[in-house]
Peer 1: 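Have a look at this one.
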Amino acid sequence: MFDWLKRLDRHFPVRYSVWLLCAVGALLAAFTWVAFGMGGWLALAFTALVGLGVRDTRQTRHSVLRNYPVIGHLRFLLEFIRPEMRQYFIEGDNEAAPFSRQQRSLVYQRAKGDADKRPFGTQMDVGAVGYEWINHSLQPTELPSHDFRVLIGAGRAQPYSASLFNISAMSFGALSANAILALNSGAARGRFAHDTGEGSISRYHREHGGDLIWEIGSGYFGCRNADGSFSDERFTENALLPQVKMIEIKLSQGAKPGHGGVLPGPKVTLEIAAARGVPPWVDCVSPSRHGAFGTPIEMMQFVDRLRTLSGGKPVGFKLCIGHPWEWFAIAKAMLETGITPDFIVVDGAEGGTGAAPVEFTDHVGAPLQEGLLLVHNTLVGLNLRDRIKLGCAGKVITAFDIARMIALGADWCNSARGFMFALGCIQSQTCHTGQCPTGVTTQDPQRERALVVPTKADRVYHFHRSTLLALKELVQAAGLADPGQLTAAHIVRRSAEHSVKLLVNLLPFVQPGELLRGEMTQQVFRTYWPMAQAKSFGVVVPA
């Protein structure tokens with residue numbers, strides 16, 4: 001309903017239909033003017049619109065106008081009149097957009113370098129159940145820098161000093177070449193990390209030299225043999241690149257945990273095939289499970305193997321929490337083998353993807369808060385937390401989002417959605433069609449050209465910088481010297497109409513060594529810890 005950008009996006013020529021109609025109108029009006037001496041004003045008006053279309057296709061600030069000359073101004077006109085009108089008429093029945101409207105607007109402001117201040121006070125319902133805030137101090141601190149860092153892989157041959165805010169996993173193929181170029185250029189300028197996604201390392205990841213976290217999924221793209229099995233030789237070839245700072249094994253992702261994927265053959269272009277190490281124009285399959293290991297112990301041995309092959313770079317894994325006993329089995333394998341990952345990234349079910357079944361996006365996988373708490377508590381209870389850094393992802397966009405996740409146990413945060421907004425994404429939800437109106441999620445060269453790399457790279461850099469500056473101000477307001485000092489005692493939630501609680505009193509936390517002592521004060525540990533076994537992802541069968 002009223003989703004005009006999608007309606008105009010069916011075929012390539014349609015995007016320019018209004019512009020072409022203006023050109024035809026200008027010619028007809030000019031003929032009428034010359035032949036009959038009337039319609040001069042109409043000829044001038046149509047000519048002006050044709051000129052506007054030329055300007056739209058040549059400017060570099062707005063991707064929508066480059067792809068939709070003349071008609072694209074409708075979006076900005078409605079936004080100028082009232083932002084809600086743009087939501088109704090342009091973005092149509094997109095259910096995801098209303099939730100993130102304020103966040104998206106904030107990202108746009110920060111990415112463009114505009115002031116992110118606003119008049120008239122909070123737009124949040126402070127009386128609503130679930131509303132959260134951070135307690136401030138009467139003695140704020142002054143921090144020297146917003147360049148917050150966390151050291152991952154301390155004691156390894158090549159540890160990595162990572163930013164507290166990085167680009168989450170998005171593959172080349174899901175994103176356009178220009179989107180990858182802009183993200184990596186912005187990351188290089190801001191000295192933060194760019195996760196490759198499971199589509200491996202393309203030439204576009206390499207061009208600007210930004211730090212990379214190489215994600216390895218079940219398809220082993222970029223490190224596979226012809227039969228799809230893992231290849232030590234091909235892995236080493238990429239892992240030793242100086243640009244690759246960490247290796248991340250993807251067990252599952254929040255948007256569709258437990259679900260494999262297929263990139264249809266017609267979309268497997270020569271460049272995508274080269275990056276992934278697969279045949280071009282043939283269906284590219286990501287299995288739903290790994291083939292290089294089948295048990296938690298084998299998984300820990302695989303982690304150690306990759307660390308050796310990469311020359312001592314930090315190696316970890318990413319997962320969305322599902323069956324608790326499977327995560328506990330991995331934890332028990334750490335204890336039994338003495339092998340620990342350098343980091344774990346917890347992906348929440350809130351995370352997005354280019355395409356997934358609705359049931360998976362809405363009803364499979366643990367939300368970020370619950371998943372992060374379970375992992376954090378388990379490691380604390382096993383006295384392993386100091387050895388393993390925790391990252392997290394799942395609709396983390398604002399500085400408060402980052403502060404909240406750190407308070408719940410994260411060492412750093414990743415964001416995909418936020419950086420896509422910085423690239424100009426308007427959530428048209430056409431990612432899977434290849435007809436993205438802003439050139440972010442398409443392999444169509446004509447659509448992709450709308451995304452101008454230098455301009456969008458600048459916005460990626462500014463979004464990251466402005467968000468960490470805002471985090472610095474929050475930390476200062478709380479009277480702290482470093483974001484790492486944030487705890488669940490700093491965040492307050494309205495738990496009922498007339499009741500508020502600190503998260504430390506509302507959410508479950510364990511004491512150091514609790515699991516080793518067999519105390520298990522939480523029900524999830526009492527129920528599922530005995531069911532887990534290091535030798536299998538399955539449950540222990542009672543005798």
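All values below were derived from every heavy atom in this structure, side-chain atoms included, with hydrogens, water molecules and symmetry-related copies excluded.
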Peer 1: Return the orientation label for the Phe509 and His376 ring planes: parallel under 30°, perpendicular over 60°, tilted otherwise.
Peer 2: perpendicular
Peer 1: Any pair with a residue in residues 165-176 that passes salt bridge (charged side-chain N to carboxylate O under 4.0 Å, His left out), sequence neighbours left out, goes on the list, sorted by first then second residue, please.
Peer 2: none
Peer 1: Taking only Lys NZ, Arg NE, NH1 and NH2, and the carboxylate oxygens of Asp or Glu, determine whether Asp401 and Lys395 approach each other closer than 4.0 Å.
Peer 2: no
Peer 1: Any donor and acceptor pair, going by atom type alone, linking the side chain of Asp386 with main-chain N or O of Asn383 inside 3.5 Å?
Peer 2: no
Peer 1: So, applying side-chain contact (heavy atoms from CB on, under 4.5 Å) with Ile491, which one of Leu503, Leu507, Leu408 is it?
Peer 2: Leu503
Peer 1: Keeping Gln253 on the side-chain end and Cys320 on the backbone end, is there a donor-acceptor pair under 3.5 Å?
Peer 2: no
Peer 1: Would you say the side chain of Thr467 lies within less than 4.5 Å of the side chain of Arg110, judging by non-hydrogen atoms?
Peer 2: yes
Peer 1: Is there side-chain contact between Leu319 and Asp347, with heavy atoms separated by less than 4.5 Å?
Peer 2: no
Peer 1: State, yes or no, whether a side-chain contact exists between Asp304 and Val315 at a heavy-atom distance under 4.5 Å.
Peer 2: no
Peer 1: May I have the step-by-step check of salt bridge (charged side-chain N to carboxylate O under 4.0 Å, His left out) for Arg307 and Asp342, ending in yes or no?
Peer 2: CA-CA 9 Å; Arg307 197 150 46 209; Asp342 297 301; 2.9 Å; yes
Peer 1: Show your reasoning for whether side chain to side chain contact (heavy atoms under 4.5 Å, CB included) applies to Cys223 and Ile216.
Peer 2: CA-CA 8 Å; Cys223 55; Ile216 298 175; 3.9 Å; yes
Peer 1: Atom CD1 in Ile330, atom CD1 in Ile344: separation rounded to 0.5 Å?
Peer 2: 7.5 Å
Peer 1: Is the gap between the ring centers of Phe328 and Tyr528 under 6.0 Å?
Peer 2: no
Peer 1: Tell me whether Arg493 contacts the main-chain N or O of Leu502 through its side chain, where contact means a donor paired with an acceptor under 3.5 Å.
Peer 2: no
Peer 1: Can a donor-acceptor pair be found, under 3.5 Å and without considering hydrogens, that links the side chain of Arg494 to the backbone of Ser499?
Peer 2: no
Peer 1: I'd like to know if Asp195 pairs up with Lys318 as an ion pair, taking the criterion as any Lys NZ or Arg NE/NH1/NH2 lying under 4.0 Å from an Asp or Glu carboxylate oxygen.
Peer 2: no
Peer 1: Tell me, please, which residues at least two apart from Arg206 pass salt bridge (charged side-chain N to carboxylate O under 4.0 Å, His left out).
Peer 2: none
Peer 1: Sub-3.5 Å donor-acceptor pair from the side chain of Lys501 to the main-chain atoms of Val492, do we have one?
Peer 2: no
Peer 1: So how far is it from Leu468 CG to Phe192 CZ, rounded to the nearest 0.5 Å?
Peer 2: 9.0 Å
Peer 1: Please report the closest heavy-atom contact between Leu390 and Gly409, naming both atoms and the distance.
Peer 2: CD1-O, 3.9 Å
Peer 1: Rounded to the nearest 0.5 Å, what separation is found between the OH atom of Tyr131 and the OG atom of Ser495?
Peer 2: 14.5 Å
Peer 1: Going by atom types only, do Lys112 and Gln109 share a side-chain donor-acceptor pair under 3.5 Å?
Peer 2: no
Peer 1: Tell me every residue that passes salt bridge (charged side-chain N to carboxylate O under 4.0 Å, His left out) with Arg276, counting only those two or more places apart in sequence or in another chain.
Peer 2: none
Peer 1: Show the numbers, then the answer: is there a side-chain hydrogen bond (donor to acceptor under 3.5 Å, both in side chains) between Gln511 and Arg517?
Peer 2: CA-CA 10 Å; Gln511 296 301 311; Arg517 296 190 297 269; over 6 Å; no
Peer 1: Side chains of Phe421 and Leu423: closer than 4.5 Å at any heavy-atom pair?
Peer 2: no
Peer 1: For the residue pair Phe343 and Val150, establish whether any side-chain heavy-atom pair is separated by less than 4.5 Å.
Peer 2: no
Peer 1: Would you please classify the geometry between the Phe165 ring and the His464 ring as parallel, tilted or perpendicular, with 30° and 60° separating the classes?
Peer 2: parallel
Peer 1: Side chains of Val303 and Ile249, heavy atoms from C-beta outward: is any pair under 4.5 Å?
Peer 2: yes
Peer 1: Indicate whether the side chain of Thr378 and that of Trp327 have a donor and an acceptor atom separated by less than 3.5 Å.
Peer 2: yes
Peer 1: So which atom in Arg417 and which in Glu350 form the shortest heavy-atom distance, rounded to 0.1 Å?
Peer 2: NH2-O, 3.3 Å
Peer 1: Can you tell me how far apart NE2 (His205) and NE2 (His194) are? Round to the nearest 0.5 Å.
Peer 2: 4.0 Å
Peer 1: Is there a side chain to side chain contact (heavy atoms under 4.5 Å, CB included) between Leu309 and Arg305? Walk through the geometry before answering.
Peer 2: CA-CA 6 Å; Leu309 292 172; Arg305 176 178 164 194; 4.1 Å; yes
Peer 1: Pairing donors with acceptors under 3.5 angstrom, does anything connect the side chains of Thr337 and Gln301?
Peer 2: no
Peer 1: Taking all atoms of both residues into account, what is the closest heavy-atom pair of Ile426 and Pro437, and its distance?
Peer 2: CD1-CG, 4.1 Å
Peer 1: Does some side-chain heavy atom of Thr487 sit less than 4.5 Å from a side-chain heavy atom of Val504?
Peer 2: no
Peer 1: Determine the minimum heavy-atom distance between Glu215 and Glu198, stating which atoms define it.
Peer 2: OE1-N, 3.0 Å
Peer 1: What residues, two or more places apart in sequence or in another chain, satisfy salt bridge (charged side-chain N to carboxylate O under 4.0 Å, His left out) together with Arg385?
Peer 2: Asp411
Peer 1: Look at Asp147 together with Arg149 and state whether they make a salt bridge at an N to O cut-off of under 4.0 Å.
Peer 2: yes
Peer 1: Over all heavy atoms of both residues, which pair between Ala331 and Leu382 is shortest? Give the atoms and the distance, please.
Peer 2: CB-CD1, 3.7 Å
Peer 1: Counting the benzene-type ring for Trp, do Phe235 and Tyr220 have ring centres under 6.0 Å apart?
Peer 2: no
Peer 1: Please enumerate all residues that pass side-chain contact (heavy atoms from CB on, under 4.5 Å) together with Lys245, with sequence neighbours excluded.
Peer 2: Tyr160, Asp211
Peer 1: A cation-pi test, strictly: NZ or CZ of Arg189 under 6.0 Å from the centre of the six-membered ring of Tyr461 and no more than 45 degrees from its axis. Yes or no?
Peer 2: yes
Peer 1: Can you list the steps and then say if Glu370 with Ile321 is a side chain to side chain contact (heavy atoms under 4.5 Å, CB included)?
Peer 2: CA-CA 8 Å; Glu370 285 67 29; Ile321 292 295; over 6 Å; no
Peer 1: I need the minimum non-hydrogen distance between Trp529 and Met520, along with the two atoms involved.
Peer 2: CD1-CE, 3.0 Å
Peer 1: Got a donor-acceptor contact below 3.5 angstrom from the Ser168 side chain to the Ala393 backbone?
Peer 2: no
Peer 1: Mind running side chain to side chain contact (heavy atoms under 4.5 Å, CB included) on Phe525 and Val510 for me, showing each step along the way?
Peer 2: CA-CA 10 Å; Phe525 292 107; Val510 305; 3.9 Å; yes
Peer 1: Taking the side chain as every heavy atom from C-beta outward, state whether Ile167 and Asn414 have any pair of such atoms under 4.5 Å apart.
Peer 2: no
Peer 1: Determine whether a donor-acceptor pair (N or O, by modelled atom type, separation under 3.5 Å) exists between the side chain of Ser163 and the backbone of Asn166.
Peer 2: no
Peer 1: Answer yes or no: are there more than 12 heavy-atom neighbours, outside Glu497 itself, under 6.0 Å from its atom CD?
Peer 2: no
Peer 1: Report yes or no: does Asn238 contribute a side-chain atom to a donor-acceptor pair with the main-chain N or O of Gly222 at less than 3.5 Å?
Peer 2: yes
Peer 1: For Glu326, enumerate each residue passing the side-chain contact (heavy atoms from CB on, under 4.5 Å) test, keeping only those at least two apart in sequence or located in another chain.
Peer 2: His323, Phe537
Peer 1: Once you round to the nearest 0.5 Å, how far does CG of Leu372 lie from CG of Asn377?
Peer 2: 9.0 Å
Peer 1: Classify the side-chain pair His208/Asn184 by whether it contains a donor and acceptor separated by less than 3.5 Å.
Peer 2: no
